[in-house]
Structures are given as structure tokens and as C-alpha cells.
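Have a look at the structure below, then the notes.
These figures come from a predicted structure and were not determined experimentally.
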Amino acid sequence: MLETAFTELVGCRLPIQLAAMGGGVTTPELVVAVSRAGGLGMLQRGGTRPLAERIAEIEDARAGPFGVNFVPALGQGERDEIELAASRARLVEFFWADPDPEVVALVHAGGALAGWQVGSVDEARRAADAGCDLVVAQGVEAGGHVRGTVALLPLLAEVLEAVSVPVVAAGGIASARSMAAVLAAGASAVRIGTRFLATSESGAHPDYVAALLASGQTDTVLTTAFGVGWPDAPHRVLASAVAAAEALDDETVGALDVNGEPQPLPRLAARTPTREVTGTVEAMALYAGEGVGLVTEIEDAGSLVRELAEGAEALLRRWA
């Protein structure tokens, strides 16, 4: 029951896509683990190591299809890196920019599928018209940067009516039950981020993971507070992180180790705290979706993929 238009298009066994979270949180190890378990692992273009090096690690593992995500509005959509990703990944996906037919054509010329994460039905139509092979409908419940203002289920319903390409549902999905619900509503796959932060392969800082494990579903807030480096962009984080950052006297919250050289991190920086970060982690951008209350333990990513898939399939059979 988990064979969908998404699995047929992408070539993976399960309709589960790893959210490509920034700053190095989605490590090559995490991407490989998700792909090996049957989902679609996604690598974020940004990171402290070259993109080509990280892609090579994933390819060497021969775990299955994977994708690469770009955020063009941040100046990260350089043509040469898009061409690199398109020549080696199954899917090249974009976020936080208007769908661009020229970019989509560049991806297709490299041999990859093109996707766009959207926050409105109008943006979904533009993505489909630009030639995208799939769209990701992101509800306002999502952790990290949030494109739209509508809850996932109403947005999903409208997007499904508006486009004919496969639609991936994103935003607050953190359990087999929520996965089954959006698949039953017509989504071709689910995109999950917050649950994968608390896995052994995640690059998230241990203090960040501990904060997620201690949080409930009402402990997130949609804000623009962490705007240094990415201003005026709404994002969902733990409310405790905003309070801690506002209470911090120092304008530097910590440092990021880049090839052995510490680089200062300003207070209210948009950067995700990874293992390479030191400082007052509880005052950094602790991105989390509304499904954070379902993050209760650290597990390996492959087991999590299987747990979600098996649970969702059992529910869909029961509801059929």
C-alpha cells in the first residue's frame, strides 16, 4: 500500500523523504541511512565541507536514490553546484525562491528530477508550470524556515486539486499516524525533519537534541527572531531558544569550527547548531516542528524509517 506516484517516480521503496536541514545537520551518514532503509535521503547544499565531497560519500555507500536541496534566495544556487547535483543525484530540490523554469531546465539537462518546496497553492501552480516533476507542500506546522501561512491539510487539499505532479506533504509529520493521514488525504509521500534530528546519524548538537527530547507540541513558536544571515524569514523554533537568546548579554552566542578554525556565531544567527558548534547552544536557533512532542528517544535512522512505514501501512490497511 506504500507504492505511490512518488516511489515510482523517484525509485525508492517507501514514500518517505528526509527533510534537507541546514548547517550540516543532514550528514551524509543520515542521508545514506534513510536511503538504505527505502526512503529518499536528502542532502542540504550548505555545510562546512564541499558539496562534491559529501555527494561522493553518499555515492560510495550505494544506498539508493538521494537528493540535494538548494536555497536560491540565500545565494546558494550557484550554477556549477546545481549542475554537479543534477549529474549525480536523483532529485534536485529548491526552496525559498520563485519557481524558475531556467533552473528546472538546468536540472533536467543534468539528468535529475526537479522539485520545489512551496507554501501556497499559487506557488505550487508556478512550480508545476515551470516544469517541476514534484512539489512539496509545506504547512505552517513545519520546523525550520516556513514559506507559507496555511496549515498542512487545507494546503494539501488545494495543491492536490491544482497540480497533476506528485505532491509531498511536509509540516508537523512525526508519527506513523500522521504519515498515514496525509497519504490517505492524497499525498504521494511525506517529508520529515524533526524526528530525524534525534537519530544517531544526525549532525545536530547533543544539547539541541536534548532540548527536542524535553519539549512538547506546544513548545514551538513561529518567529523571525533568528534572522542574522537570513533576515525577515519566518521560522519555527523552540520557544525556549528565543527566550534564552533574548536574555543573553553577549552579542556572540558561540563559535563554529570550520577546518579547525573557530568562527564566531552572532546572537540570533540563523545557523542550525551542529556538533561543530560550541557555546550557549540553548540560545541558538533550535528549529523544531509542531510534531516535536513525538520525539521521545534517540534511535537510528533506518529503524525510524521502518517504524514509520510499517505503522503507516498497518493503519492504511485498517482504514481501507
Side-chain angles (χ1 to χ4, degrees), residues 6-7 9-12 16-36 38-118 123 126-128 130-136 138 144-145 147 165-166 168 170 189 191-193 196 201-203 230 271-272 274 301:
F6 175 86
T7 60
L9 177 69
V10 173
C12 58
I16 296 174
Q17 182 191 34
L18 170 67
M21 297 169 282
V25 167
T26 44
T27 61
E29 294 82 5
L30 179 54
V31 175
V32 166
V34 171
S35 291
R36 182 167 285 142
L40 182 69
M42 293 292 298
L43 185 68
Q44 174 59 248
R45 178 269 178 191
T48 57
R49 294 193 293 135
L51 178 61
E53 182 180 309
R54 289 176 285 140
I55 287 177
E57 288 184 18
I58 296 167
E59 288 179 316
D60 288 346
R62 300 183 183 277
F66 68 96
V68 180
N69 177 275
F70 289 82
V71 185
L74 293 184
Q76 295 181 351
E78 290 87 347
R79 183 183 183 93
D80 57 344
E81 290 195 321
I82 294 174
E83 290 177 335
L84 166 71
S87 69
R88 296 164 72 176
R90 178 59 176 153
L91 172 69
V92 179
E93 185 184 273
F94 300 90
F95 183 47
W96 216 267
D98 289 331
D100 186 341
E102 291 187 13
V103 171
V104 173
L106 183 64
V107 171
H108 286 159
L113 300 168
W116 219 282
Q117 182 168 246
V118 304
E123 192 175 25
R126 294 198 302 274
C132 285
D133 301 285
L134 61 85
V135 297
V136 181
Q138 185 201 44
H145 286 80
R147 185 70 169 171
V165 297
V168 180
R191 180 181 171 99
I192 299 176
F196 283 104
E201 299 90 349
S202 163
W230 194 343
R271 185 175 184 86
T272 311
T274 59

Requested in this report: Report yes if some heavy atom in the side chain of V34 is under 4.5 Å from a heavy atom in the side chain of M42; otherwise report no.
Outcome: no
Report task. Please list all pairs passing the side chain to side chain donor-acceptor pair (under 3.5 Å) test where one or both residues lie in residues 46-55, with sequence neighbours left out. Result -> R49-E53, R49-E57
Query raised in the report: Testing I16, V136, L40 for side-chain contact (heavy atoms from CB on, under 4.5 Å) with V168, which one passes?
Result: V136
Report summary line: Closest non-hydrogen contact found for G131 with H108 is O-CE1, 3.2 Å
Report summary line: Nearest heavy-atom contact between P166 and F6 is CB-N, 4.4 Å
**Report entry** Test item: V103 and F70 side chains (from C-beta on) under 4.5 Å apart, heavy atoms
**Finding:** no
Requested in this report: Output yes when a side-chain donor or acceptor of Q44 lies under 3.5 Å from a complementary backbone atom of M21, and no otherwise.
Outcome: no
Report task. Working to the nearest 0.5 Å, report the span between OG of S87 and CD1 of I55. Result -> 7.5 Å
Query raised in the report: So how far is it from W116 CH2 to L134 CG, rounded to the nearest 0.5 Å?
Result: 12.0 Å
Report task. Kindly assign one of parallel, tilted or perpendicular to the pair W96 and W230, based on the angle between their ring planes and the thresholds 30° and 60°. Result -> perpendicular
Query raised in the report: Which distance, rounded to the nearest 0.5 Å, do you find between the CD of E29 and the CD1 of I58?
Result: 9.0 Å
Query raised in the report: Yes or no on side chain to side chain contact (heavy atoms under 4.5 Å, CB included) for F94 and V107, after CA distance, side-chain angles and deciding distance?
Result: CA-CA 11 Å; F94 300 90; V107 171; 3.7 Å; yes
Report task. State whether the side chain of R90 and the backbone N or O of V10 hold a donor-acceptor pair below 3.5 Å, judged by distance alone. Result -> yes
Query raised in the report: Looking at L30 and A301, what are the two nearest heavy atoms and their distance?
Result: CD1-CB, 3.6 Å
Query - Side chain T26, main chain V31, donor-acceptor under 3.5 Å - result: no
Query - Residue list, side chain to side chain contact (heavy atoms under 4.5 Å, CB included) with A63, at least two apart or on another chain - result: V32, S35, R36
Requested in this report: Ignoring hydrogens and angles, tell me if any N or O in the side chain of R45 forms a donor-acceptor pair with the backbone of P72 under 3.5 Å.
Outcome: no
**Report entry** With sequence neighbours excluded, residues passing salt bridge (Lys or Arg N to Asp or Glu O under 4.0 Å) with E123
**Finding:** R147
Query raised in the report: By salt bridge (Lys or Arg N to Asp or Glu O under 4.0 Å), which residues pair with R271, not counting sequence neighbours?
Result: none
Query raised in the report: Quick one: salt bridge (Lys or Arg N to Asp or Glu O under 4.0 Å) partners of R88, sequence neighbours excluded?
Result: E59
Query raised in the report: What pair of heavy atoms forms the shortest contact from A112 to V92, and how long is it?
Result: CB-CG2, 4.0 Å
**Report entry** Between CG on residue L84 and CG on residue L51, distance to nearest 0.5 Å
**Finding:** 5.0 Å
Query raised in the report: Looking at CD of Q117 and CD of Q17, how far apart are the two atoms once the value is rounded to the nearest 0.5 Å?
Result: 8.0 Å
Query raised in the report: What is the minimum heavy-atom distance between G115 and L91, and which atoms define it?
Result: N-CD1, 3.7 Å
Query - Listed partners of E102 passing salt bridge (Lys or Arg N to Asp or Glu O under 4.0 Å), at least two apart - result: none
Query raised in the report: When rounded to the nearest 0.5 angstrom, what distance separates CG in N69 from CZ in F95?
Result: 8.0 Å
Query - Exercise: identify the closest heavy-atom pair between V104 and C132 - result: CG2-SG, 3.8 Å
